[in-house]
Undergrad: 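Handing you a structure now.
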Amino acid sequence: MTDKVYIPGIINKIRVGMAQIKLSDTVVVKSDDTKIIKSNTPVTVYDTAGPYSDPNFVHSIRKGIRRIREEWNDGRKDILSQNHPPGGTHSGGILFPTKQPIFRAKEGKQITQMYYAKKRIVTPEMEYVAIRENQQVEAMGLKSYITPDFVRREIMAGRAIIPSNINHPEVEPMIIGRRFLVKLTTILIPSGNSIENCIRRMIDYCRWGADTLVDVSVQENCHYRREWLIRNSPVPVGTSPLYQAIAKVEGRPEDLSWALFRDTLIEQAKQGVDFVTIHAAMRKKYLLLTDNRLSNLVSRSGIILREWMRIHREENFLYTHFDEICEILKTYDISLFLSSGLRPDAIYDANDRAHLAELTEMRSLIEKAWDQYVQTIAEGPGHIPLHKIEANTKEHLYICKGVPFFTLGMTITDIAGIYEYIASAIGSAQVAWQGASLISCDPITSHGGKDARACIIAHKIAAHAADLAKGHPGAQVRDNALSKARGEGRLNDICRLTIDAQ
């Protein structure tokens, strides 16, 4: 049996939801047939399902989930609020019926987690993630280095981030960084015109273990879908704003402009998007380096920007307006995912000049983002053979100054076809062990989207395998409990302790 438990904070007024797996007793039969019964300590595990794993929670899509961070925002004197646009209907769907305000930083004020960390302030978000990461291992007599102040110091140094837009008060804070549990981001593509179906898919992904979601919808009504998604999501939601911008010009790269992109970014910021992927390190001068590749670009945003630069014969507008992008991000505390537009689409091209050139460009952009206290993560390649992963990861962490490393994959062979998620999970375990903080999966591509659960679970196993290899505090508790249950023949406990038991 799995219960939902809530652990209170000590520094801040918070309640951290976790799953607790109750175990049956161990029964030892002595030689004289007398029985000795020993109780087994419940195993507390990280829970990405938010309120959806609480049996007492009654969900209403139209109302959304509890805004747990709203009272934290109310106590901050450096933010202001403005009225939310009124609810209503439109031709593409129903606007979320909310009257909650939109928050932003006051003029001249800083509100990012990185800024607070540098001011030695332990925010509720920092204490929240410290409790989540420890999974109550200290109650079992184990030691953990993850304290709220340790979290603060890792964020201050830029080695970890907490994606948490102040306009997504429903989100349960989570942390991404090398010294913490490996996290999984999952691609979410809405299907059909039903908002309810989109929300149900999101809930399933969270139940199966998605730590963050990436909304890649490009439909005409994607803004309204995203509003419903964020209001119902307990995990951080990210986007690539370029996708919505290109949709606004009906897929024509030549009609893109900085003004259009800026307006789209602000629009998403006010909705509550927690992180955005920005391909600002993809410079015009590096495009020729991809001409001799066996395969070319895999990034859709990279392809769009390449066409824009070739048509206009100008530098990437995301690069030239990077400071302005950071200004917008810090106003709402949106995390920056510096993405790789030149990452190769074939293992043959792994670690080539184009990719490494873009990686080097990221270094200077990271420093610019830090100057504005913007939490930053950098993306690596998605296709790379096993024997090149270690060198690539070390190079990435060195060049990008130790910021969290994010990878789409890591896909370690090009012949996997509809089983690419298996190849990706194998590579993800290796790259996470070497230092990646965030791995990714795309459930839609696995068996044509028919086995999304298997895709997510495969990557959760990869993440857990890396946590074991890294020696994360208490990572082996669940494995040991299952092994003990197996040795004692407690079949129900074995089932409860498997990673796919929820």
Undergrad: V477 vs N480, test: side-chain contact (heavy atoms from CB on, under 4.5 Å). Steps then yes/no.
TA: CA-CA 5 Å; V477 167; N480 292 348; 6.0 Å; no
Undergrad: Under the 3.5 angstrom rule, does the side chain of R132 hit a backbone N or O of D47 as a donor-acceptor pair?
TA: yes
Undergrad: So, are R496 and D493 salt-bridged, with charged N and O less than 4.0 Å apart?
TA: yes
Undergrad: A side-chain contact here means heavy atoms from C-beta on lying under 4.5 Å apart; do I131 and I14 qualify?
TA: yes
Undergrad: Kindly say whether V137 contributes a backbone atom to a donor-acceptor pair with the side chain of N134 at under 3.5 angstrom?
TA: no
Undergrad: Kindly indicate, with the supporting measurements, whether the criterion side-chain contact (heavy atoms from CB on, under 4.5 Å) is fulfilled by F275 and Q375.
TA: CA-CA 9 Å; F275 59 93; Q375 299 184 90; over 6 Å; no
Undergrad: How about E379 and S339: does a side-chain donor come under 3.5 Å of a side-chain acceptor?
TA: yes
Undergrad: Any side-chain donor paired with an acceptor under 3.5 Å for Q244 and R226?
TA: yes
Undergrad: Regarding R300 and the six-membered ring of Y243, is the cationic atom NZ or CZ under 6.0 Å from the ring centre and inside 45° of its axis?
TA: yes
Undergrad: Salt bridge check: are K394 and E390 linked by an N-O gap of less than 4.0 Å?
TA: yes
Undergrad: With a 4.5 Å cut-off on side-chain heavy atoms, are D442 and L408 touching?
TA: no
Undergrad: So, are R453 and D500 salt-bridged, with charged N and O less than 4.0 Å apart?
TA: yes
Undergrad: Are P51 and R66 packed together at the side-chain level, in the sense that at least one heavy-atom pair is separated by less than 4.5 angstrom?
TA: no
Undergrad: Which value, rounded to the nearest 0.5 Å, describes the distance between I456 atom CD1 and Y205 atom OH?
TA: 5.5 Å
Undergrad: When you measure from the side chain of K4 to the backbone of G50, do you find a donor-acceptor pair of N or O atoms at a distance under 3.5 Å?
TA: yes
Undergrad: Looking at every heavy atom in both S164 and D274, which two are closest together, and how far apart are they?
TA: CA-OD1, 3.5 Å
Undergrad: Salt-bridged, K460 to D467, with N to O below 4.0 Å?
TA: no
Undergrad: Got a second to check how far I303's CD1 is from M282's CE, nearest 0.5 Å?
TA: 8.5 Å
Undergrad: Once rounded to the nearest 0.5 Å, what's the spacing between atom CD of Q434 and atom CZ of F405?
TA: 10.5 Å
Undergrad: Restricting to non-hydrogen atoms, name the atom on F261 and the atom on P241 that form the minimum distance, rounded to 0.1 Å.
TA: CE1-CB, 3.7 Å
Undergrad: Measure from the side-chain N and O atoms of N165 to the backbone N and O of I334, and report whether any donor-acceptor pair falls under 3.5 Å.
TA: no
Undergrad: Could you tell me whether a side-chain N or O of R478 sits under 3.5 Å from a main-chain N or O of T498, the two making a donor and an acceptor?
TA: yes
Undergrad: What distance do Y52 atom OH and I65 atom CD1 have between them, rounded to the nearest 0.5 Å?
TA: 4.5 Å
Undergrad: Assign the ring pair F150 / Y145 to parallel, tilted or perpendicular, where the plane angle (0 to 90°) is split at 30° and 60°.
TA: perpendicular
Undergrad: Examine the side chains of H59 and N232 and answer whether a donor and an acceptor come within less than 3.5 Å of each other.
TA: yes
Undergrad: Is a donor on one side and an acceptor on the other found under 3.5 Å between the side chain of D345 and the backbone of N296?
TA: no
Undergrad: Have T123 and Q113 got a donor and an acceptor in their side chains that come within less than 3.5 Å?
TA: yes
Undergrad: Which heavy-atom pair separates T290 from A354 by the least distance, and what is that distance?
TA: CG2-CB, 3.7 Å
Undergrad: I'd like to know if the side chain of S428 reaches the main chain of M410, judged simply by a donor and an acceptor atom lying under 3.5 Å from each other, with no hydrogens or angles considered.
TA: yes
Undergrad: Can you check whether R159's main-chain N or O pairs, donor with acceptor, with E154's side chain at less than 3.5 Å?
TA: no
Undergrad: If you define the side chain from C-beta out and look only at heavy atoms, does anything of P236 sit under 4.5 Å from H168?
TA: no
Undergrad: Side chains of E125 and N12: donor-acceptor distance under 3.5 Å anywhere?
TA: no
Undergrad: What are the two closest heavy atoms between I399 and L359, and how far apart are they?
TA: CG2-O, 3.5 Å
Undergrad: Is E170 salt-bridged to K63, cutoff N-O under 4.0 Å?
TA: no
Undergrad: Below 4.5 Å, heavy atoms only, C-beta onward: do K484 and L23 meet side chain to side chain?
TA: no
Undergrad: Take M202 and L213 through the side-chain contact (heavy atoms from CB on, under 4.5 Å) test and state the conclusion after the steps.
TA: CA-CA 8 Å; M202 177 271 293; L213 299 168; 3.2 Å; yes
Undergrad: Would D414 and Y348 satisfy side-chain contact (heavy atoms from CB on, under 4.5 Å), going step by step from the backbone distance to the final call?
TA: CA-CA 9 Å; D414 293 330; Y348 177 85; 5.9 Å; no
Undergrad: Salt bridge between K248 and E267, side-chain N to carboxylate O under 4.0 Å?
TA: yes
Undergrad: For a quick test of reading the model, state the closest non-hydrogen atom pair linking A280 to L338 and the distance between them.
TA: CB-CD2, 4.4 Å
Undergrad: Taking the side chain as every heavy atom from C-beta outward, state whether P473 and K143 have any pair of such atoms under 4.5 Å apart.
TA: no
Undergrad: Side chains of E133 and Y46, heavy atoms from C-beta outward: is any pair under 4.5 Å?
TA: yes
Undergrad: Can you check whether T407's main-chain N or O pairs, donor with acceptor, with S440's side chain at less than 3.5 Å?
TA: no
Undergrad: Measure the spacing between CG of N167 and CD of Q268 and express it to the nearest 0.5 Å.
TA: 13.0 Å
Undergrad: Above 12 or not: heavy atoms from other molecules or residues under 6.0 Å from CZ of F57?
TA: yes
Undergrad: Determine whether F337 and T185 make a side-chain contact, defined as any pair of heavy atoms from C-beta on separated by less than 4.5 Å.
TA: no
Undergrad: Can you measure from CD1 (I384) to NE2 (H355) and round to the nearest 0.5 angstrom?
TA: 7.0 Å
Undergrad: For the pair S424 (side chain) and E420 (backbone), establish whether a donor and an acceptor sit closer than 3.5 Å, ignoring hydrogens and angles.
TA: no
Undergrad: Compute whether any side-chain donor of one residue and acceptor of the other, for D479 and H464, lie under 3.5 angstrom apart.
TA: yes
Undergrad: Got a sec: does the CH2 of W433 have more than 12 other heavy atoms crowding it under 6.0 Å?
TA: no
Undergrad: Between T26 and N40, do the side chains contain an N or O donor and an N or O acceptor separated by less than 3.5 Å?
TA: yes
Undergrad: Where do Y421 and C455 come nearest, in terms of heavy atoms and distance?
TA: CD1-CA, 3.5 Å
Undergrad: Among side-chain atoms of D54 and Y6, is any donor-acceptor pair under 3.5 angstrom?
TA: yes
